[in-house]
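Report on the following structure.
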Amino acid sequence: MALSLIPVAAALVPDILRLVAADPAGLLAAAAAEAVHQALGTADPVAARAALAADPGRAAALRARLAEIALQGARLAAETSPPREGRRSAAFPAGLQSSREGAAMTRGGGAAWGPVTVSALVVLGFFSVLALLVSLNPPAEGGPRFDPQVASVINITVGTLGAAFAAVVNFWIGSSQSSRNKDALVGRLQEVQLQARLQGPPSPPQGAAVSADPPAPALSLVSLIAQRPAEDRFDACLDHVLAAEGGFVNHPADPGGATNLGITRRILSDFRDAEVTEADVRALTRAEAREIYRARYWIPMRCAELPPGVDLMVFDFGVNGGPGRSLRLLQGGVGVKADGSIGPITLAAARACRGAELIGRLAEGRMAYYRGLDGFQTFGRGWTRRVEGARQAALRMSAGGTSATAMSAGSAESLAA
C-alpha cells in the first residue's frame with residue numbers, strides 16, 4: 001500500500017505519525033494506509049484529500065478507524081517493546097536459532113556484526129583465561145601459586161570476564177521462558193504477514209467480472225493481534241443493538257427526535273462535526289452507524305476488555321441510556337466506586353464476578369432505571385422487551401455461544417417475542 005497516504009492519515013489523527021515513525025517494521029504504516037485506501041477508494045493522496053473535504057461523514061468514520069489503529073499500535077508497542085537494557089529484540093520467523101541471530105543475518109552491514117564480534121571476544125577471553133588457570137601447575141613446595149597482588153588482579157579479571165560471559169549468554173539466549181514465548185509469537189505473526197504480502201491477492205479468473213468493492217484489508221500485525229476475536233464480539237453485539245433499535249423513526253414523544261439505526265440527529269451531527277438534516281439521518285448507512293457505535297460507545301466503555309455477555313449488557317445500555325450511566329451501573333454491580341470511569345479496577349472486578357449473576361444484576365438495575373422515567377408508560381413495554389432480549393443474548397454469550405451468527409439469530413427471536 002502506498003505510504004503516500006500516511007500524511008492523509010496524520011492530518012486526521014496526528015498521533016499516528018509518531019507511532020509510524022517508531023515502528024521500524026512498517027506494520028502500523030501499512031495498516032493506516034490500507035484504512036485510508038479502503039475508506040476513500042484511492043491511493044492518490046490528492047484525490048484522498050478531495051474526497052475527505054467533500055464528505056465529512058466519511059472523514060469522521062475514517063478518523064475513528066485511524067484512532068483505533070493508533071490505540072492498538074500504542075498498546076502493541078507497549079506490550080512487545082524490550083526492556084530498557086535492550087536484552088532482546090523482536091523475534092524473527094521460525095528457523096532462526098534466536099532473534100539476535102536473525103538481526104545479524106538479515107540487516108547486513110558492519111554494524112550488524114558488532115554484537116557478534118564483542119560476544120566472540122568475551123567468550124574466547126573467558127575460556128582462554130579459565131584454561132590457562134587450570135593448566136598451571138601448583139608450586140612444588142606447596143606455597144601460594146601467585147603473588148598476592150597478582151592473585152588480586154587475576155580475581156578481578158576472572159570476575160569481569162565471568163560477568164561479561166553471563167551478559168552474552170543472556171543477550172543471545174534470553175533470561176525467561178515468557179520472553180521467548182513472546183518472541184516466537186511475534187515471529188510467527190510476522191511470517192504470516194510476509195507470506196500474505198508475497199502471495200498477494202488472488203487473481204480473478206479470465207473473463208470474470210471484477211468487483212467494484214474495495215479490496216479486503218491486508219494482514220497486519222495490529223489486526224492479527226487486536227482485531228480478532230474482539231471484532232467478532234463487537235459485530236455480534238452490534239447486530240443485537242441494531243435489531244433492537246430498528247430503522248428510521250421520528251416519534252413525537254421521543255426527545256431524541258429523528259433517529260435511524262439508533263443514531264439520533266444530534267449524535268450524527270456531533271460525529272460528522274457538521275449540522276445534519278432529517279434527510280441525512282434517514283440516509284444514514286449501516287457502515288457509518290457501525291463506526292459511530294465503535295467510536296462513541298464500544299471503545300470508550302472498553303467493552304472488548306469485559307467478559308463475554310457483560311460486554312453486550314454494558315454496550316446496549318450505553319447506547320440506550322448513555323455510556324456514563326451504563327458504566328456506573330456496572331460499577332455498582334461489581335462493588336466498586338461508581339464514578340463512570342472504567343479502568344483496571346472495574347475491569348478486574350467484572351472479570352472476578354460470575355457472568356450469569358452479573359448479567360442478571362445489570363438487567364435488574366437497568367429496569368429500575370427505566371421504571372423511574374416519565375416515558376415508561378409510553379415506552380415501558382419496548383424497554384422491558386429490549387432488556388430481556390439483551391439478558392438472554394448475554395447469557396448465551398457468557399455460556400460460550402459467542403459466535404455472531406448464533407447470537408444474532410437468538411437476539412432476533414427474543415426481540416420478536
Side-chain angles (χ1 to χ4, degrees), residues 230 233-246 254-256 259 261-264 266-267 270 292-399 402 407 410-411 414-415:
R233 290 175 55 192
F234 169 64
D235 285 329
C237 293
L238 181 62
D239 287 343
H240 177 89
V241 169
L242 292 180
E245 292 288 352
D254 188 350
T259 304
L261 300 175
I263 305 299
T264 65
R266 180 184 61 82
I267 290 178
D270 291 344
I292 294 174
Y293 280 118
R294 184 208 302 273
R296 290 183 63 97
Y297 302 101
W298 184 264
I299 294 176
M301 294 192 296
R302 300 177 71 171
C303 295
E305 301 175 61
L306 292 170
V310 178
D311 55 357
L312 173 62
M313 296 297 292
V314 173
F315 180 54
D316 189 55
F317 189 35
V319 169
N320 194 240
R325 183 174 290 109
S326 179
L327 290 177
R328 287 192 292 272
L329 177 62
L330 170 66
Q331 290 169 328
V334 300
V336 301
K337 182 180 178 181
D339 56 6
S341 177
I342 188 168
I345 296 177
T346 303
L347 293 172
R351 297 183 189 118
C353 293
R354 294 181 181 271
E357 294 178 2
L358 179 55
I359 290 169
R361 290 197 294 270
L362 293 176
E364 293 172 2
R366 185 172 173 180
M367 283 305 306
Y369 164 73
Y370 286 142
R371 293 189 186 99
L373 297 179
D374 295 336
F376 190 76
Q377 293 295 330
T378 304
F379 301 106
R381 179 177 297 181
W383 288 339
T384 302
R385 185 166 58 247
R386 177 165 180 166
V387 172
E388 180 60 19
R391 186 185 68 83
Q392 292 179 13
L395 289 174
R396 285 192 294 273
M397 293 183 71
S398 180
T402 56
M407 193 193 132
S411 299
S414 62
L415 290 170

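Note that the coordinates shown come from a computational prediction; the quantities given were computed from them, not determined experimentally. Just so it is clear, the values below take in all heavy atoms, side chains as well, and ignore hydrogens, waters and symmetry mates.
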Point to revise | Sequence-distant partners of R296, salt bridge (Lys or Arg N to Asp or Glu O under 4.0 Å), two or more places apart | key: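 Residues passing salt bridge (Lys or Arg N to Asp or Glu O under 4.0 Å) with R296: none at all.
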**Study point:** Non-neighbouring partners of L395 that pass side chain to side chain contact (heavy atoms under 4.5 Å, CB included), sequence neighbours left out
**Key:**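 If we apply the side chain to side chain contact (heavy atoms under 4.5 Å, CB included) test to L395, skipping adjacent residues, the hits are A356, I359, R391.
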**Study point:** side chain to side chain contact (heavy atoms under 4.5 Å, CB included) partners for R361, two or more places apart
**Key:**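 Counting only residues at least two positions away or on another chain, R361 forms a side chain to side chain contact (heavy atoms under 4.5 Å, CB included) with C353, E357, L358.
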Exercise for review: State which residues pass ring pair (Phe, Tyr, Trp, His ring centres under 6.0 Å) with F379; sequence neighbours excluded, sorted by chain then number.
Suggested key: H251, W383
What pairs of donor and acceptor atoms, side-chain ones from residues 335-347 against any protein atom, are under 3.5 angstrom apart with sequence neighbours left out?
| unit_1 | atom_1 | unit_2 | atom_2 | d |
| --- | --- | --- | --- | --- |
| D339 | OD1 | Q331 | NE2 | 3.0 |
| D339 | OD1 | S341 | N | 3.0 |
| T346 | OG1 | Q331 | NE2 | 3.2 |

Check your understanding: Are N320 and E245 close enough that some pair of their side-chain heavy atoms sits under 4.5 Å apart?
Key -> yes
**Study point:** Note, F315 side chain near V241 side chain (heavy atom, < 4.5 Å)
**Key:** yes
Nearest-0.5 Å distance that lies between atom [atom1] in [X] and atom [atom2] in [Y]:
{"X": "Y297", "Y": "L238", "atom1": "OH", "atom2": "CG", "result": "12.0 Å"}
{"X": "M313", "Y": "L330", "atom1": "CE", "atom2": "CG", "result": "10.5 Å"}
{"X": "L362", "Y": "F317", "atom1": "CG", "atom2": "CZ", "result": "9.5 Å"}

Point to revise | Which atom of P300 lies closest to which atom of R294, heavy atoms considered | key: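 In terms of heavy atoms, the two residues are closest at CD-O, 3.9 Å.
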Point to revise | Closest non-hydrogen atom pair, L306 against A350 | key: CD2-CB, 4.1 Å
Review point. Pairs in or reaching into residues 307-331: which pass salt bridge (Lys or Arg N to Asp or Glu O under 4.0 Å), with residues at least two apart or in two chains?
Key: R233-D311, D316-R366, D316-R386
Review point. Do the ring centers of W298 and Y293 come within less than 6.0 Å of each other?
Key: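 Between W298 and Y293, the centre distance exceeds or equals 6.0 Å.
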